[in-house]
2 protein chains.
Amino acid sequence: MRDVVLDDRAHSILKSIVTHHILTGEPVGSRTIAKLTPDGLSPASVRNVMADLEEMGYLTHPHTSAGRVPTDKGYRYYVDTLLPGAHPGARDRGVIDRSLSRVGGELSEAMEVIPKLLSRLTSQVGYLVSPPLRDAVLKHIDFVRLHERKVLVVFVDRSGVVSNRILDTDEDYGEDDLQKAGRYLVAEFAGMTLSEIRSRLIRLMAEERAVFDHLLKSVIKLGTGYLDAETGDRRMVLEGTTNIMKHPEFSDVETMRRLFQTFEEKHRLLTLLDRCLTPSGVRVVIGSEADDPTLDKMALVASSYHVDEHTTGWLGILGPTRMEYERVVSLVDYISRLFSTLLTRQAL
Amino acid sequence: MRDVVLDDRAHSILKSIVTHHILTGEPVGSRTIAKLTPDGLSPASVRNVMADLEEMGYLTHPHTSAGRVPTDKGYRYYVDTLLPGAHPGARDRGVIDRSLSRVGGELSEAMEVIPKLLSRLTSQVGYLVSPPLRDAVLKHIDFVRLHERKVLVVFVDRSGVVSNRILDTDEDYGEDDLQKAGRYLVAEFAGMTLSEIRSRLIRLMAEERAVFDHLLKSVIKLGTGYLDAETGDRRMVLEGTTNIMKHPEFSDVETMRRLFQTFEEKHRLLTLLDRCLTPSGVRVVIGSEADDPTLDKMALVASSYHVDEHTTGWLGILGPTRMEYERVVSLVDYISRLFSTLLTRQAL
DNA sequence: TATTGGCACTCGAACCACTCGAGTGCCAAG
DNA sequence: CTTGGCACTCGAGTGGTTCGAGTGCCAATA
């Protein structure tokens, strides 16, 4: 991935620049770095290295007479060379442990608590993406007749997440039929994931000629009607969006408006996550890597959480490229690990 | 309410100023108004009236050599003297009719569609506040056992709105018991509002000594457990919050941050609505009248909607004090009336 | 007596010239 | 290869000037 490995000096200078810039937000000058690094280099030497780093694309100039600022590539290098596996501080761990112990493995509660927790700890935007509905495990399902040919489907997942949807049916089902259909589904399929159920229903449908059972027919129609519509669905909860406004890099109102519009259209964020993330450990997506102009100057830290070995969803934070990666990454990592073990234990 | 009635000239000048300011956003000078009004007054005369209006508190100066700008009191006067009952334009009515006909009287869909509709038509923030849960009419209720002493309550309202909540019980109910309890509740109480159900359950509880029926006991405990927690609840859906950023009066980032924080904390908006609104027709709350510093320079147009004579919720828009009241009021009025008749027809 | 033209005054916006200083790039000496 | 020196750049801040829209007030007028 990384094209050229930087030599020691360049490496340490780049690192200093990024660290210092993250701290202050100001462009960093050669004199500052010369004082900061223990190598005892003169500003002039530092300038030479800086010029090289700029040529290689790790740094830029806001203008001729300003200090250097990391580019996305610079941040990328910085993040890639961070020591992995750093632990959050004891205080942060305490806060996290306490919050998550109250949640247990309850996904429905986690969807409220975790984004808030992330947002509070990092002062950025915290988020959690639920597992796709197709992986949800059927606990309970209900069909409720609203009016003629309008049926409300209420689905409860093993972990207590409720989804619902109104179905337009081409037949007018009676309340009794609907209840029976619901009970049948629970009796037959409880404990399976929706995608499993879906394929079983399809198999049943193939045998439909042989089926004259009215109930079973209804079940097939209603069940597939519901499942077809929804299975790709994920939910995404964002929290602390106003934190973004605190950062000086977003003082431009128009940029910010577009950013918030992106927050409102969560599906765009979701496809972005889909595109960028491989489900393994913490991932960081920086600025232009996201390939979405509204997320310019933004970075995204994400980690998947899972039950057993099965990856389910993501959680993480969204903030300006200039953020404390070390701390944030360790927090996101810690939370996702802890939450995964809680989920897995609960699923037993 | 209005302290002094303005004489004809002052009235028409004030109205001109407000209209013109709404249009342009700029402070309005005497010369502009002199040209604009058909009375053929000279700028100097207009100035005199303006000075009077300022003394009475209807106008201000940004600074000595700028034109006049309406105060909240000025907008209030303007709004109060608008002809009530204006109709939206034919095009707007077309859009509204089409959107709402698709919704029918389905509250659950209206909660998505109406705020979006309002936001799109007015380019402001559109909102809808659901009826309080206590007025919801029971259609279906389910108790689902999640784990030991954790019960998920799923409640479906007549109009298809689903609410759910996890209950910590002090007893471990079996799945069968829970199902029976749900069915019992539906059989006995379907069609009543939650507050009615609540009082009936309390009456039953009073007779508890006489009740040795295990089922009934469970019903009482679960039912009141759920109802106690929630009955005051309303939901509020906001849409188009990013529209606010388009208005120059909110270019200050810090003000805007606080505004968005208010959007995130919807309960604050809800109590505000509670405080300011009497449920009759369209109401306008302007700036300081809201008595909430974050809503400075904001105005709120709201109208209640209802089923039969029974007031249920609100819908409307939120925008800067400088907005096209005439158009917005007529839109909000029209939508709330139309939606009310749809709801009432549906409830039959 | 209400209206109006005239006039001095105010104040923000825009523009310009200037300085200051942090920081650069480059070169020649070490 | 490193470094001190030096000329250069450019944004930010400062102060002065002009311009114009708008006001307030007063004296003249219908």
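These figures come from a predicted structure and were not determined experimentally. Throughout, protein chains are lettered first and strands after them, A, B, ... in sequence-line order, and every chain is numbered starting at 1.
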Item to check | Mutual orientation of the aromatic rings belonging to Tyr75(B) and His21(B) [parallel < 30°, tilted 30-60°, perpendicular > 60°] | outcome: tilted
Report the distance from atom [atom1] of [X] to atom [atom2] of [N], rounded to the nearest whole Å.
X        : N       : atom1 : atom2 : result
His61(A) : dA22(C) : NE2   : C1'   : 12 Å
Asp52(B) : dA2(C)  : CG    : P     : 12 Å
Arg9(B)  : dA2(C)  : CZ    : C1'   : 8 Å
Asn48(B) : dA27(D) : CG    : C1'   : 14 Å

Next on the checklist: On DNA chain C, compare the nucleotides closest to Ala44(A) and Ala66(A); which residue's is nearer the 5' end?
Outcome noted: Ala66(A)
Please produce a list of atom pairs where a protein N or O lies less than 3.5 Å from an N or O of nucleotides 6-10 of chain D.
unit_1	atom_1	unit_2	atom_2	d
dT9(D)	O2	Ser65(A)	OG	3.3
dC10(D)	OP1	Thr64(A)	OG1	3.3
dC10(D)	O2	Ser65(A)	OG	3.0

Checklist entry - Just wondering, more than 12 heavy atoms not from Asp7(B) lying within 6.0 Å of its CG? => result yes
Checklist entry - In terms of heavy-atom contacts, does CD of Glu254(B) have more than 12 from other residues, nucleotides or ligands at under 6.0 Å? => result yes
Item to check | Nearest to side-chain heavy atoms of Leu41(A), which nucleotide of dT23(D), dT24(C), dT3(D) | outcome: dT3(D)
Checklist entry - Which nucleotide sits closest to the side chain of Glu54(A): dG25(C), dG4(D), dT4(C)? => result dG25(C)
Distance-only side-chain donor-acceptor flag, [X] / [Y], under 3.5 Å:
X         : Y         : answer
His247(A) : Gln124(A) : yes
Thr294(A) : Thr262(A) : yes
Thr19(B)  : Ser16(B)  : no

Checklist entry - Does a side-chain N or O from Arg68(B) land closer than 4.0 Å to OP1 or OP2 of dT23(D), or not? => result yes
Next on the checklist: Walk me through whether Ser288(B) and Asp72(B) qualify under side chain to side chain donor-acceptor pair (under 3.5 Å).
Outcome noted: CA-CA 7 Å; Ser288(B) 51; Asp72(B) 290 350; 2.9 Å; yes
Item to check | Interface with DNA chain D, restricted to residues 10-32 of chain A and to heavy atoms under 4.0 Å | outcome: none
Checklist entry - Of all residues at least two apart in sequence or in a different chain, which pass the side-chain hydrogen bond (donor to acceptor under 3.5 Å, both in side chains) check with Thr241(A)? => result Glu264(B)
